[in-house]
Amino acid sequence: MPQPLRKNYYANLNAQRQFGARPNNLGAKNVYGQQNLAYSYNQNTAYAYPERQNPYGVPRKAEVRKLTPKRKKNTKLNFLKALISLAFLGLVAYYVIPYNYVKHFEPMILNRFLNRNIEFKAENFVSPTLHYLSNADFNGKRLLVPVRKSQKQMVPLVTSTRMFILEEELKNLSARYPHIKPSIYVWDYTRSRNAEINANEAIPSASIIKLPILVELFRRSESLKKAGYKPIDLSSKLLFDDIHKATGSGTLQYYKTGGYYTIDHLAKIMIQASDNSATNMLLDEIGGMEALNAASRKWGLSSTQMTTWLPDLGGTNTVSAKDMATLLYNLDNPKFLNDNSRYMIKQYMSNVHNGTLIQAGLPKGAEFLHKTGDIGKMLGDAGIVYAPNNRKYIVVILTQRPHNDYSARDFIQQASSIIYRYIVENPDQY
């Protein structure tokens, strides 16, 4: 006969309390009067896992999992780790952060606000030498461009024979002036003969640089006319400003600035009186030193270079005897200058005031178109001689001397006499 449910419930509850397990509904007996699960409790550790009872209702000994005791903290190791971390952060703060601040943050972020009104000129970084080294000019800016290998605009001097006897005579004369270093080039129109001594050496130009300036003035006028623009009018006037005033030769420096002078007058006193102030005005008119240097390269004059406005007392502007002889030869070249330009240039050169150099060694009746140059370290003369017997030759004599040594003048006069006698009076000598 089945037992009452209430009685079985209390019997189960008493059994659980007897073995120290928690009362729960899992302690109910099954249809055979046995418990399914029981919990044992170990007072020293923790609760045990549930386990099956044996068929007789007696629980097995509980299997207890012991908890792993907590490890003690290693204070020294933790302190060492903290110390290493602080040292690393200190190195980062001392080296990395300032470097990135100066290298990246400040120029990229702060400078955009602090220097927003500063104009950046890229050409100063790309070509830092443009303010003192350039060979071209475009839109008011200096440029340094490679020299194009194109046909030279000037006709080169072509020689058939060399006047070796004349060269020996000039060398013997130079031996009597050991402190004078000459640079000489002579070319005879009649027989295309030449004589030269150190003719390709670049030496200080002094006022002889005014001759290429005069030629470029007329060349520029012709170029403007060919391009459809108004050519340079010799009667037009230029303003004499303080930036043009130059000491040395010439009287324009003593005049009051602010006046206006015609280009014809300036060209005349530049060549005939060697006026430095007039030269600077005309140099400004043709585009400055850069324009003159670019023109010299196009002409084929490799040693003609201008780097200083006049007066060039230091002798930084250079020419060579061969360059000036080539320039003088092309004054008769119709493809280089038109008839009007050639006529005006020869008019200016025919009335040079200084006649104490090559002209002093010529006899009466000989005409001489020339330009002289005189600074402390250099004295020279370059021109074309027209003899009474219709003989014609180019002569350029440039000398490097001790400061203001007047014996250089005597050397030039004697050399001029030797050259004239050889070419004009004894034309059959070789």
Side-chain angles (χ1 to χ4, degrees), residues 133-138 142-160 162 183-189 192-224 226-227 271 282-283 286-308 316-339 341-342 344-346 349 369-371 373 380-384 392-398:
L133 179 64
S134 59
N135 58 5
D137 181 82
F138 177 75
R142 295 180 176 182
L143 299 174
L144 183 62
V145 298
V147 179
R148 296 180 180 178
K149 295 182 179 180
S150 58
Q151 186 176 3
K152 299 176 181 178
Q153 295 178 350
M154 283 187 175
V155 176
L157 287 166
V158 179
T159 59
S160 59
R162 189 88 171 260
S183 178
I184 303 173
Y185 193 90
V186 182
W187 193 81
D188 181 13
Y189 278 90
S192 299
R193 301 179 298 173
N194 81 305
E196 57 182 276
I197 298 175
N198 302 323
N200 292 311
E201 182 178 354
I203 66 173
S205 65
S207 291
I208 294 180
I209 197 67
K210 297 169 183 176
L211 189 56
I213 294 175
L214 179 66
V215 172
E216 175 57 18
L217 176 67
F218 285 93
R219 286 272 303 175
R220 188 178 183 86
S221 179
E222 294 179 13
S223 300
L224 291 173
K226 290 179 182 179
I271 299 299
L282 294 178
L283 181 63
I286 66 175
M289 296 183 294
E290 295 80 10
L292 180 64
N293 294 335
S296 299
R297 302 288 85 78
K298 293 178 182 178
W299 298 345
L301 307 181
S302 58
S303 299
T304 302
Q305 180 78 17
M306 190 173 188
T307 58
T308 306
T316 58
N317 302 331
T318 60
V319 295
S320 68
K322 181 70 174 293
D323 278 1
M324 292 301 99
T326 304
L327 178 63
L328 293 168
Y329 177 74
N330 280 270
L331 294 181
D332 292 325
N333 181 5
K335 294 183 179 180
F336 185 68
L337 292 167
N338 60 29
D339 294 339
S341 298
R342 296 200 305 273
M344 293 302 301
I345 291 173
K346 290 181 178 180
M349 295 176 63
L369 309 180
H370 67 117
K371 181 69 192 80
D381 201 353
I384 305 174
K392 177 181 175 184
Y393 64 91
I394 296 173
V395 54
V396 180
I397 305 176
L398 311 176

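If you're wondering where the values come from, they're calculated on a predicted model, not measured in any experiment.
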Least distance between heavy atoms, [X] atom then [Y] atom:
| X | Y | result |
| --- | --- | --- |
| Ala199 | Ser183 | CA-OG, 3.9 Å |
| Thr308 | Thr316 | OG1-OG1, 2.6 Å |
| Ser303 | Thr318 | O-OG1, 3.0 Å |

To the nearest 0.5 Å, what is the distance between [atom1] ([X]) and [atom2] ([Y])?
| X | Y | atom1 | atom2 | answer |
| --- | --- | --- | --- | --- |
| Leu398 | Ile203 | CG | CD1 | 4.0 Å |
| His370 | Met349 | NE2 | CE | 8.0 Å |
| Ile271 | Ser207 | CD1 | OG | 9.0 Å |
| Leu157 | Ser192 | CG | OG | 9.0 Å |
| Asp381 | Met324 | CG | CE | 13.0 Å |
| Lys210 | Ser205 | NZ | OG | 9.5 Å |

Can you confirm whether more than 12 heavy atoms, excluding those of Lys392, are under 6.0 Å from its NZ atom?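 Counting neighbours around NZ of Lys392, more than 12 heavy atoms of other residues, nucleotides or ligands fall under 6.0 Å, so yes.
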Does the side chain of [X] reach to within under 4.5 Å of the side chain of [Y], using non-hydrogen atoms?
| X | Y | result |
| --- | --- | --- |
| Leu214 | Lys371 | no |
| Thr304 | Ile209 | yes |
| Leu283 | Glu216 | no |
| Leu328 | Trp187 | no |
| Asn333 | Met154 | no |
| Trp299 | Asn330 | no |
| Tyr329 | Ile394 | yes |
| Val155 | Lys335 | no |

Side chain to side chain contact (heavy atoms under 4.5 Å, CB included) partners of Ala206, counting only residues at least two apart: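 For Ala206 the side chain to side chain contact (heavy atoms under 4.5 Å, CB included) partners, ignoring immediate neighbours, are Ile375, Met378.
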Check side chain to side chain contact (heavy atoms under 4.5 Å, CB included) between Asn338 and all other residues, then give those that pass, not counting sequence neighbours.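 Side chain to side chain contact (heavy atoms under 4.5 Å, CB included) check on Asn338 returns Glu222, Asn340, Ser341.
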Any donor-acceptor pair under 3.5 Å from [X] side chain to [Y] backbone:
| X | Y | answer |
| --- | --- | --- |
| Ser296 | Leu301 | no |
| Asn194 | Thr159 | no |
| Arg193 | Asp188 | no |

Side chain to side chain contact (heavy atoms under 4.5 Å, CB included), that's the test. Do Val215 and Phe336 meet it? Break it down for me. CA-CA 10 Å; Val215 172; Phe336 185 68; 3.7 Å; yes
Going by side chain to side chain donor-acceptor pair (under 3.5 Å), name the residues that satisfy it together with Arg219, two or more places apart in sequence or in a different chain.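 Checked Arg219 against side chain to side chain donor-acceptor pair (under 3.5 Å); matches are Gln153.
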